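For reference, the structure discussed in these notes is given below.
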Amino acid sequence: MDSALLIEKIVLVLVILGITLLIATYSTYAERKIAAFLQDRQGPNRAGIFGILQPIADAGKMFFKEDLIPAASEKWLFIMGPGIAMFTACMTGAAIPWGTELHVFGYTLHMQIADIDIGILYIIGFVSMGVYGIMIGGWASNNKYSLYGAIRASSQMISYELAMGLSIIAVVMMTGTLSLKEIAAQQHGINWNIWYQPLGFIIFFTCALAECNRAPFDLPECDSELIGGYHTEYSSMKLGFYLFAEYINMFISSAVIATLYFGGYNFPGMDFIESSTLLGWLQFATLFAKIFFFIFVFMWIRWTLPRFRYDQLMHLGWKSLIPLAIVNMLITAAVVLLKSNSF
Amino acid sequence: MQPLTNRSKLVVQKEMTFMERIYLPAILKGMAITLSHFFKKKNTVQYPEVQRPIAPVYRGKHVLKRDEQGRERCTACGLCAVACPAEAITMVAAERTKGEENLYREEKYAAVYEINQLRCIFCGLCEEACPKEAIFLTDVITPVETTRKEFVYGKDKLVEPLNQRIDVSKRQSWRMPEQQS
Ligand code: SF4
Ligand code: SF4
């Protein structure tokens, strides 16, 4: 690996990490504002104009709070929990194609940190490792509510990962590749996968909500039953890490949804743009517009739907989504087979 | 059985139809409702800058009134303290000495008079109990303090200042005209 490539990748890693953290920070602000607007309120508007400095104030508060470690907890695991959650959340951004290429100062930047040919597997793998952060943290707290939260989180994630994986298989069969770059490139213009996989999209979206522990699937936190769920015992920046990881996951999920089903960086009319520099920036902007839209939908759903009951959650996961995903997979397989035979 | 009102509804536990079971139409309907609220007028009042109008008989922070000549009306009879359901009022009585006639209206007065604003429930019973029309509730909202001690209001915060008299005539309107002194 030559040093120019190394520097390019390091810069890209830092930029993407920075953007991820910034978006996660401002997601907390967006969440509060959207929640307020949907409920006819104003939301935070005191710190800075329109409350734009609110996330910074929140982060400052988190930092200066007392950092408690319960005496009866498993100390190292207790500290590791939020670390794992944060680490896995940040890792997933590496495989997402944020655009094709960008020309900055006469240099061509490839907008993907790692073009892994099994990109989607990599993301699924890291997302499912995210549950360890929650499980370990919940267990190490030595608190029954935390433990309940952790147990719920793990069973919920395992149940919904199945349906999620099955709905992704349909996309993979259709596109014939596991590489996210390829999948994004195939959806040129408005030839998006959503037109071929609407059912798969609904299943994937539902599972993404569940994987991110977002309402209506926020049973692991579930304030009214479990106080704070797995992070009941956490305080200060450790709690901040858990909350932050949730928002990063939401951002990455939105990016994956946009890439898998909504054409990633592709937008209609992209062939008519001559300048490749402009095209590069526009693709980048398009992807982020899509991501922001999905983040908004995530929040919109949270403030619309009530939380599921636990048995309803399992019922929906095992008895509805998985059979649907299998049917979807079979139909896709049949169509793909027919097409490949007739052409 | 005869229903008592025409509003009663029979509860039936019917099977959900297919459309109801896939949830999606209901979810979309709910999301449309919440989105419509996104653009509605906000109900919030931006408190310190904007204040809602309050009733003329609003019960806020207390005031210990002076009479027309600027003398404190309270005679430390303790009836307000007895009436207070929250036991928020305490006082220490003292006897008026010669030369203090311009300060205190009655021969006995309250040397210390304290109301704990954290205990007070702003019921206004102290005001009703007072035979001397000395204590009234005003439309001032008790401000925020950072320690509990600061919420115990002494005479410095309760007695009305000589140069800015507080009008409580609206609160006296329920009394018979001849009772007003
Ligand atoms: S308003 Fe009610 S609670 Fe408050 S001091 Fe007077 S009698 Fe007590
Ligand atoms: S305020 Fe009125 S009731 Fe209370 S001690 Fe003074 S005179 Fe008596």
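Quick caveat, the model's predicted, so the values are computed rather than measured. Chain letters run A, B, ... following the sequence lines, proteins first, then strands; residues in each count from 1.
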Worksheet, complete the sentence: So, the part of A:I202 with a heavy atom under 4.5 Å from chain B: the answer is side chain

Response to the item:
Scored by heavy-atom pairs under 4.5 Å with chain B, the best of A:T304, A:D40, A:I34 is A:D40

Item to complete: Check whether any side-chain heavy atom of A:L305 lies under 4.5 Å from a side-chain heavy atom of B:M31, and answer yes or no.
Response: no

Fill in: CD/B:E107: more than 12 non-hydrogen atoms of other groups inside 6.0 Å
no

Practice prompt. Go through the side-chain N and O atoms of B:T34 and A:W303 and say whether any donor and acceptor fall under 3.5 Å apart.
Written response: no

Worksheet entry | Which atoms of A:L38 approach chain B - backbone, side chain, both or neither, heavy atom under 4.5 Å | both

Item to complete: Check whether more than 12 heavy atoms from other residues, nucleotides or ligands sit under 6.0 Å from atom CD of A:Q312, and answer yes or no.
Response: yes

Practice prompt. Answer yes or no: are there more than 12 heavy-atom neighbours, outside A:Y310 itself, under 6.0 Å from its atom OH?
Written response: yes

Discussion item. With a sphere of 6.0 Å drawn around CD of B:E15, does it hold more than 12 non-hydrogen atoms of other residues, nucleotides or ligands?
Written reply: no

Worksheet item: Around atom CD of B:Q13, are there more than 12 heavy atoms of other residues, nucleotides or ligands at under 6.0 Å?
Response: no

Worksheet item: Can you pull the side-chain hydrogen bond (donor to acceptor under 3.5 Å, both in side chains) pairs that have at least one residue in residues 88-99 of chain B, sequence neighbours excluded?
Response: B:T97-B:E100

Practice prompt. Could you tell me whether the side chain of A:Q39 reaches within less than 4.5 Å of the side chain of B:K40, counting heavy atoms only?
Written response: no

Worksheet item: Which atoms of B:I33 come close to chain A, meaning under 4.5 Å heavy atom to heavy atom: side chain ones, backbone ones, both, or neither?
Response: neither

Practice prompt. Would you name the heavy atoms of B:T44 and A:R41 that are closest together and state the gap between them?
Written response: OG1-CA, 3.4 Å

Worksheet entry | Note, B:K42 side chain near A:F37 side chain (heavy atom, < 4.5 Å) | yes

Discussion item. A quick test of your reading: do over 12 heavy atoms of other residues, nucleotides or ligands sit less than 6.0 Å from CZ of A:F63?
Written reply: no

